[in-house]
Undergrad: 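Handing you a structure now.
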Protein chains: 2
Amino acid sequence: MTVTKRGRPRSFDREAALAQATRLFWEYGYEGTSIADLTRAMGISPPSLYAAFGDKRALFTEVVDRYGGTFGAFMGRALEEESDVRTGFARMLREAAVSYTDPLHPAGCLVITAATNYSAQTADVERDLRQRRVANVRDFEERLTRAEKAGSLPPGAEPRALAVYFAAVVQGMSQQARDGASAAELERVAELAMTAWPVPKGA
Amino acid sequence: MTVTKRGRPRSFDREAALAQATRLFWEYGYEGTSIADLTRAMGISPPSLYAAFGDKRALFTEVVDRYGGTFGAFMGRALEEESDVRTGFARMLREAAVSYTDPLHPAGCLVITAATNYSAQTADVERDLRQRRVANVRDFEERLTRAEKAGSLPPGAEPRALAVYFAAVVQGMSQQARDGASAAELERVAELAMTAWPVPKGA
DNA sequence: TAAATTTTACAGCGATCGCTACGTAATCCG
DNA sequence: CGGATTACGTAGCGATCGCTGTAAAATTTA
């Protein structure tokens, strides 16, 4: 045990430095965050970083583990604390909506997006791809709005909400495919997703 | 017009080279694919690449545009060709399931995943994050299986399908948050997603 | 065949990457 | 106080990044 610490004491707050590293990795991804970026945000020099955290890979692992115990812990809590399974899943989704858009930290989930890297000089690439995705959501919305006006959708069907929902499903299917889901599994996802389609009031 | 071409003719197939570049960007992302990777796969030298495509950024844009007209075209077709809106969205999701898992090309959608970069030396980071996500899906599945056995889920509720579905929704919500969706929009997504929850036969 | 034009491969540019050797500063133990 | 120990900043390592200068090779035009 190292109860007594000899030598020159550390001159920075390890937890605060870890929080800064979390913010950077969350925002810019693993490769998109350089050692220079980290040392600048943490207010320390490279040797101090390596002495305190090992190397970049080890620091990242520590960041992800810490994330799971803090920002990402709402998922397990929601599923664990609710006695009813359905209530648990519903609460998890609701809290995800809040957490993923909390302006106090980067958007989305670190575990999902930390491989999405963009450094300063390639930020426009990510911006271009994002614009294409946003345009796609708008295309969904316009088609749904036209359908509602044409009477093929029940009134009050919320084209915007449906568009974001279907875009999220498509993007989730893409991610699941990257993570190894089979065609059969994704086809079941497609079927399940269609249960959200609005039904007329009197049906 | 350059009907007649003077000088030394190009010694490689531009379309084939573009297809190789598409494969690399699709699999490894923009930053994860280096000029050296590209020239190796395309079978050409750097000056030939720059003469034929401009620079890396322009090549990537051409790749994404080409993708939209080929692999990614099924979406617009499904929504356009079906007279009924609901049938169009259902077909789009079904075809996404097939396309995203087609073993003839990288998994998922290029526009969604091309910012997910991982080079050779950081592939283990992406692998680690993927394992965490896969473990999460399994956790969902186990909870749903236990609920089914305990009778809190109707029989034949397909825990695996539901787990993949809810994981996809969560990941889609994360991506939508990154793309600028609001908390209110994501909360509506959460509500809509819950309509997939299985109901007892006699209800 | 000679001049003009374009593509080719080789080699290397400056910048940035993750990482570290080195000497100094600051603390604890005796 | 002196010696041991640990953290610090500076400065720079080798490797890789996107990209290009240069000259030879290959083709069309005159």
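Residue numbers begin at 1 in each chain, while the letters A, B, ... track the order of the sequences.
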Undergrad: Quick one: list whatever passes side chain to side chain contact (heavy atoms under 4.5 Å, CB included) with E191(B), sequence neighbours left out.
TA: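 Checked E191(B) against side chain to side chain contact (heavy atoms under 4.5 Å, CB included); matches are R188(B).
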Undergrad: Please lay out, stage by stage, how D37(B) and S34(B) fare under the test side chain to side chain donor-acceptor pair (under 3.5 Å).
TA: CA-CA 5 Å; D37(B) 294 332; S34(B) 70; 3.1 Å; yes
Undergrad: Return the value, rounded to whole Å, for the distance between atom CD of E31(A) and atom C1' of dC17(D).
TA: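 To the nearest whole Å, that distance equals 12 Å.
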Undergrad: Nearest whole angstrom, please: distance from the P of dT8(C) to the CD1 of I44(B).
TA: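 Distance, rounded to whole Å: 7 Å.
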Undergrad: Between S11(A) and dC8(D), does any side-chain N or O lie under 4.0 Å from OP1 or OP2?
TA: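 It does, given that an N or O in the side chain of S11(A) lies less than 4.0 Å from OP1 or OP2 of dC8(D).
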Undergrad: How many whole angstroms separate atom CG of L38(B) from atom P of dC19(D)?
TA: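 Nearest whole value for this atom pair: 11 Å.
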Undergrad: Starting at CD1 of I35(B) and ending at C1' of dA9(C), how long is that distance when rounded to a whole Å?
TA: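 These atoms are roughly 16 Å apart.
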Undergrad: Measure from CG on D13(A) to P on dA7(D) and round the result to the nearest Å.
TA: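 These atoms are roughly 15 Å apart.
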Undergrad: Would you kindly give the CZ-to-C1' distance between R14(B) and dT7(C), to the nearest whole Å?
TA: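 Going from R14(B) (CZ) to dT7(C) (C1'), I get 14 Å.
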Undergrad: Roughly, in whole Å, what's the span from CZ in F53(A) to P in dG18(C)?
TA: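 For the pair F53(A) CZ and dG18(C) P, the rounded distance is 16 Å.
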Undergrad: Between L162(A) and L144(A), what is the shortest heavy-atom contact and its length?
TA: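 For L162(A) versus L144(A), the nearest heavy atoms are CB-CD1, 3.6 Å.
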Undergrad: Respond yes when some side-chain nitrogen or oxygen of S48(A) is under 4.0 Å from OP1 or OP2 of dC8(D), and no when none is.
TA: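 Answer yes for this pair, as a side-chain N or O of S48(A) is under 4.0 Å from OP1 or OP2.
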Undergrad: Please tell me which of K56(B) and L49(A) maps to the more 5' nucleotide of DNA chain D, matching each residue to the nucleotide holding its nearest heavy atom.
TA: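 By nearest-heavy-atom nucleotide position, the 5'-most residue is L49(A).
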Undergrad: For P9(B), report the nucleic acid contact type (base, sugar-phosphate, nothing); a contact means any heavy atom under 4.0 Å.
TA: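 If one applies the 4.0 Å heavy-atom cut-off, P9(B) turns out to touch the sugar-phosphate alone, with no base involved.
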Undergrad: Heavy atoms from C-beta onward define the side chain here; which of dC8(D), dG18(C), dA9(C) lies closest to that of F12(A)?
TA: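 The closest nucleotide is dC8(D).
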Undergrad: Quick one: do R178(A) and Q175(A) satisfy side chain to side chain donor-acceptor pair (under 3.5 Å)? Show the steps, please.
TA: CA-CA 5 Å; R178(A) 297 288 290 190; Q175(A) 183 69 64; over 6 Å; no
Undergrad: Heavy atoms from C-beta onward define the side chain here; which of dC17(C), dC19(C), dG18(D) lies closest to that of S34(A)?
TA: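 Selected nucleotide (nearest to the side chain): dC17(C).
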Undergrad: Rounded to whole angstroms, how far apart are CE on M42(B) and P on dT8(C)?
TA: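 About 12 Å, once rounded to whole Å.
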Undergrad: In terms of side-chain geometry, is the basic nitrogen of E81(B) or R91(B) positioned less than 4.0 Å from the acidic oxygen of its partner?
TA: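 Judged by the 4.0 Å cut-off on N to carboxylate O distance, E81(B) and R91(B) do form a salt bridge.
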Undergrad: Let's test your reading of the model: under 3.5 Å, does the base of dA4(C) pair with the side chain of R6(B) as donor and acceptor?
TA: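 It does not, because no donor-acceptor pair links the side chain of R6(B) to the base of dA4(C) below 3.5 Å.
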Undergrad: So, is S45(B) near the phosphate of dT8(C), with a side-chain N or O under 4.0 Å from OP1 or OP2?
TA: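 S45(B) to dT8(C) OP1/OP2: no side-chain N or O under 4.0 Å.
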Undergrad: Starting from the 5' end of DNA chain D, give me the residue, R8(A) or R57(B), whose nearest nucleotide shows up first.
TA: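 Going by which nucleotide is closer to the 5' end, it is R8(A).
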Undergrad: Relative to the 5' end of DNA chain C, which residue comes earlier, R10(B) or A36(A), by the nucleotide with the nearest heavy atom?
TA: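 Nearest-nucleotide comparison on DNA chain C picks R10(B).
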Undergrad: With heavy atoms under 4.0 Å as the rule, sort T33(A) into base, sugar-phosphate or nothing.
TA: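 Answer is sugar-phosphate: T33(A) comes under 4.0 Å of backbone atoms only.
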